[in-house]
Student: 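Quick one: the structure is below, and I'll ask about it shortly.
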Protein chains: 2
Amino acid sequence: MTAVDARAVSPASAAPIDPRRAWQVVLQHIEADLLAGRLVPGDHLPAERTLASELGVGRSSVREALRVLEVLGLIRTQTGSGPQSGAIIVARPSGGMSSLMRLQVAAQGFDVRDVVKTRLVLEAAVVTELAEASGARVDGLDLGPAVELLDAMDADGRVSEAEFLALDAAFHLALAELSGNAVIASMMAGLRNSIESYVLAGVPNLPSWAETSGRLRHEHRSIVDAIETGDAELARGRVRAHITGYYTETNFISAPADPLTR
Amino acid sequence: MTAVDARAVSPASAAPIDPRRAWQVVLQHIEADLLAGRLVPGDHLPAERTLASELGVGRSSVREALRVLEVLGLIRTQTGSGPQSGAIIVARPSGGMSSLMRLQVAAQGFDVRDVVKTRLVLEAAVVTELAEASGARVDGLDLGPAVELLDAMDADGRVSEAEFLALDAAFHLALAELSGNAVIASMMAGLRNSIESYVLAGVPNLPSWAETSGRLRHEHRSIVDAIETGDAELARGRVRAHITGYYTETNFISAPADPLTR
DNA sequence: CAGGCCGTGTGGTCAGACCACAGCATATGC
DNA sequence: GCATATGCTGTGGTCTGACCACACGGCCTG
């Protein structure tokens with residue numbers, strides 16, 4: 001079988017032409033298996049060579065489709081033999097979201113200011129959700145995972161700027177995960193990831209890192225307090241001030257306030 | 001040059017081993033070019049064969065990277081010769097966002113309910129933004145592109161259910177685009193796309209399509225009215241009711257209200 | 001029975017060969 | 001002189017076959 005067979009043959013084509021490219025055939029086949037429940041997280045995909053012969057395409061086309069699935073965070077591949085080898089369904093969205101947003105920012109498809117605005121919207125929604133969930137329970141909500149990160153940031157002087165900002169990102173991500181919404185959590189991870197280099201580049205613009213980091217730590221605590229108190233309005237306001245404050249201080253964003261978060 | 005040269009050679013490796021896989025080398029190379037501004041939307045990527053020899057990898061590895069970029073919405077490829085052929089930077093995020101979310105939903109990485117919740121959050125943010133932007137101007141805001149879609153939906157009886165829902169999706173997307181935030185707009189496109197099949201599948205659950213579609217059309221108009229009036233609070237409430245109402249009616253979502261949107 | 005060895009199947013990569021296609025330069029016709 | 005037809009050239013799209021490194025698991029050996 002040669003390439004011409006798999007696609008179109010002008011005169012009286014016995015087999016109907018397939019406008020899809022070979023790798024799309026593979027992708028859609030796997031997607032259909034996922035939708036039908038024939039493939040669930042943890043399952044192995046057939047071997048590349050098997051998939052190729054089953055679908056009547058070349059192995060390279062299969063690999064192009066698998067590469068897409070891998071970048072999108074749907075599969076994990078590993079060489080060798082045994083239970084852990086091959087392509088396994090994992091469904092980890094954050095990696096794909098990060099790649100997508102990072103590249104779109106790089107390609108000027110996304111404006112950095114829009115990324116920040118969007119983060120503001122999602123972050124506000126997250127703390128609102130958490131605060132109301134906390135207020136609805138007599139014993140409050142367990143923000144342990146997030147608070148642990150704050151404790152780590154309190155190791156004053158022993159945390160570099162990059163480490164501090166990484167912990168900061170992890171804290172906000174932890175809040176998103178605590179809200180239980182995987183979609184928002186992965187979006188936040190992607191948004192933050194896509195502008196990470198810009199955030200780091202803004203540090204030298206700060207008048208005093210010690211002062212800023214101290215303020216950030218205090219603001220984090222106050223956000224947690226507002227959530228635990230169940231005061232959604234307060235939590236939303238504080239998280240908005242927290243984020244816009246930092247970006248304004250690093251001359252990153254011009255607009256001090258944003259109506260979207262209200 | 002064989003595969004072993006490109007990767008590791010155990011004894012006294014003259015060239016340092018590269019833990020990255022070949023396609024990642026290509027991807028990062030292109031990303032670096034984008035970040036440095038050496039590649040901007042509209043530019044052509046080097047030919048696959050050229051890229052391969054320049055980076056010292058095989059053409060198949062280059063193609064795997066290009067495939068990823070294509071699915072992520074960064075490039076567009078075309079065969080033949082001339083100015084329109086080859087791989088061209090386009091930076092259209094919505095396609096990649098749709099693929100990502102659709103596949104993650106299929107692979108159970110995203111819960112459909114979380115998708116709806118997230119859409120609620122973003123949609124509320126969009127109309128809030130629009131209403132405040134409109135209220136700040138004496139002449140209001142031009143919602144023309146969105147209203148045109150509503151007019152198309154008013155061709156009662158001559159619009160199939162699928163067409164109606166497509167117009168519905170386009171309307172909401174138009175609002176997001178009018179807000180000027182490309183990040184949110186592409187997210188909305190992806191979210192909607194990822195649950196499109198579920199939305200269509202829910203139509204038979206409706207007691208009366210005529211009644212429901214009529215209500216939806218009325219709600220759309222009322223949302224537009226609220227935006228043009230500049231009443232953000234009202235617009236937010238209406239859009240929330242609009243979305244939750246439909247999903248509740250199709251037995252799609254159990255929770256009638258969601259605190260995230262308040 | 002324990003340890004080491006090797007077969008086997010996996011993904012990772014490359015090289016080379018075609019194909020269809022689109023543009024453009026050239027040649028050919030009027 | 002102009003318009004049309006022709007073929008060349010370079011592009012992505014695809015397949016095939018060949019290696020490699022690797023990890024497991026059964027087998028053999030001590």
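Labels below follow one simple rule: chain letters A, B, ... track the order of the sequence lines, proteins then strands, and each chain is numbered from 1.
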Student: Can you tell me how far P of dT11(D) sits from CD1 of Ile75(B), to the nearest Å?
Tutor: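 Taking CD1 of Ile75(B) and P of dT11(D), I get 15 Å after rounding.
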Student: What nucleotide, of dG12(D), dT10(C), dC24(C), holds the atom closest to the side chain of Pro83(B)?
Tutor: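 In terms of side-chain proximity for Pro83(B), the closest of dG12(D), dT10(C), dC24(C) is dC24(C).
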Student: Is a side-chain N or O of Asp43(A) found less than 3.5 angstrom from the main chain of Val40(A), in a donor-acceptor match?
Tutor: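 Indeed, once roles are kept as given, a pair shorter than 3.5 Å links the two residues.
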Student: Calculate the interatomic distance between Glu70(A) atom CD and dT13(C) atom C1'; express it in whole Å.
Tutor: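 These atoms are roughly 14 Å apart.
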Student: Would you say the base of dG16(C) and the side-chain of Arg49(B) have a donor-acceptor pair closer than 3.5 Å?
Tutor: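 Counting by modelled atom types and ignoring angles, no donor-acceptor contact under 3.5 Å is found here.
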Student: Take atom CZ of Arg63(A) and atom C1' of dT14(D), then tell me their distance rounded to the nearest Å.
Tutor: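 Distance, rounded to whole Å: 15 Å.
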Student: Phosphate oxygens OP1/OP2 of dG13(D): is one of them under 4.0 Å from a side-chain N or O of Thr77(B)?
Tutor: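 Indeed, a polar side-chain atom of Thr77(B) lies that close.
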Student: Nearest nucleotide by nearest heavy atom, which residue falls closer to the 5' end of DNA chain D, Gln78(A) or Thr79(B)?
Tutor: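 Nearest-nucleotide comparison on DNA chain D picks Thr79(B).
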Student: Does a nitrogen or oxygen in the side chain of Arg67(B) sit under 4.0 Å from OP1 or OP2 of dG13(D)?
Tutor: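 Yes, within the criterion.
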Student: Hey, are Arg76(A) and Glu70(A) close enough for a salt bridge, meaning a charged N less than 4.0 Å from a carboxylate O?
Tutor: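 Salt bridge flag = no for Glu70(A) with Arg76(A).
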Student: Search all heavy atoms of Pro41(A) against all heavy atoms of Ala107(B) and return the closest pair with its distance.
Tutor: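 Minimum heavy-atom separation between Pro41(A) and Ala107(B): CG-O, 3.3 Å.
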Student: Once you round it to whole Å, what is the distance between P of dG11(C) and CD of Gln24(B)?
Tutor: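 To the nearest whole Å, that distance equals 17 Å.
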Student: Over all strands shown, is Gln84(B) touching base, sugar-phosphate only, or nothing at heavy-atom distances under 4.0 angstrom?
Tutor: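 Nothing, no heavy atom under 4.0 Å.
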Student: Which one, dG12(C), dT16(D), dG11(C), comes nearest to the side chain of Ala47(A)?
Tutor: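 Selected nucleotide: dG11(C).
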Student: Closer to the 5' end of DNA chain D via nearest nucleotide, is it Gly58(A) or Ser81(B)?
Tutor: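 Nearest nucleotide further toward 5': that of Ser81(B).
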Student: Nearest to the side chain of Ala22(A), which nucleotide is it out of dG12(D), dG11(C), dT14(D)?
Tutor: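 Ranking dG12(D), dG11(C), dT14(D) by closest atom to the Ala22(A) side chain puts dT14(D) first.
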Student: Has Ser61(A) got a side-chain N or O lying under 4.0 Å from the OP1 or OP2 atom of dC15(D)?
Tutor: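 Yes.
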Student: If every non-hydrogen atom of Tyr246(B) is compared with every non-hydrogen atom of Val199(B), which pair is closest and at what distance?
Tutor: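 Result for this residue pair: OH-O, 3.8 Å.
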Student: Below 4.0 angstrom, N of the basic side chain to O of the carboxylate: do Arg192(B) and Asp168(B) qualify?
Tutor: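 Salt bridge: yes.
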Student: Could you give the CZ-to-C1' distance, from Arg21(A) to dC19(C), as a whole number of Å?
Tutor: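 Nearest whole value for this atom pair: 15 Å.
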Student: Base, sugar-phosphate, or nothing for Gly82(A), non-hydrogen atoms under 4.0 angstrom?
Tutor: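 Sugar-phosphate only.
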Student: Given atom CD1 of Ile88(A) and atom P of dT10(C), what is their separation to the nearest angstrom?
Tutor: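 Value for this atom pair: 13 Å.
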Student: Write down the distance between NE2 (His44(A)) and C1' (dA23(D)), rounded to a whole number of angstrom.
Tutor: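 Distance, rounded to whole Å: 12 Å.
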Student: So for Arg59(A) and dT14(D), does any side-chain atom that can act as donor or acceptor lie under 3.5 Å from a complementary atom in the base?
Tutor: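 Result: no qualifying N/O pair found.
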Student: For Glu48(A) and dG9(C), what is the distance between atoms CD and C1' respectively, to the nearest whole Å?
Tutor: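 Between C1' of dG9(C) and CD of Glu48(A): 12 Å.
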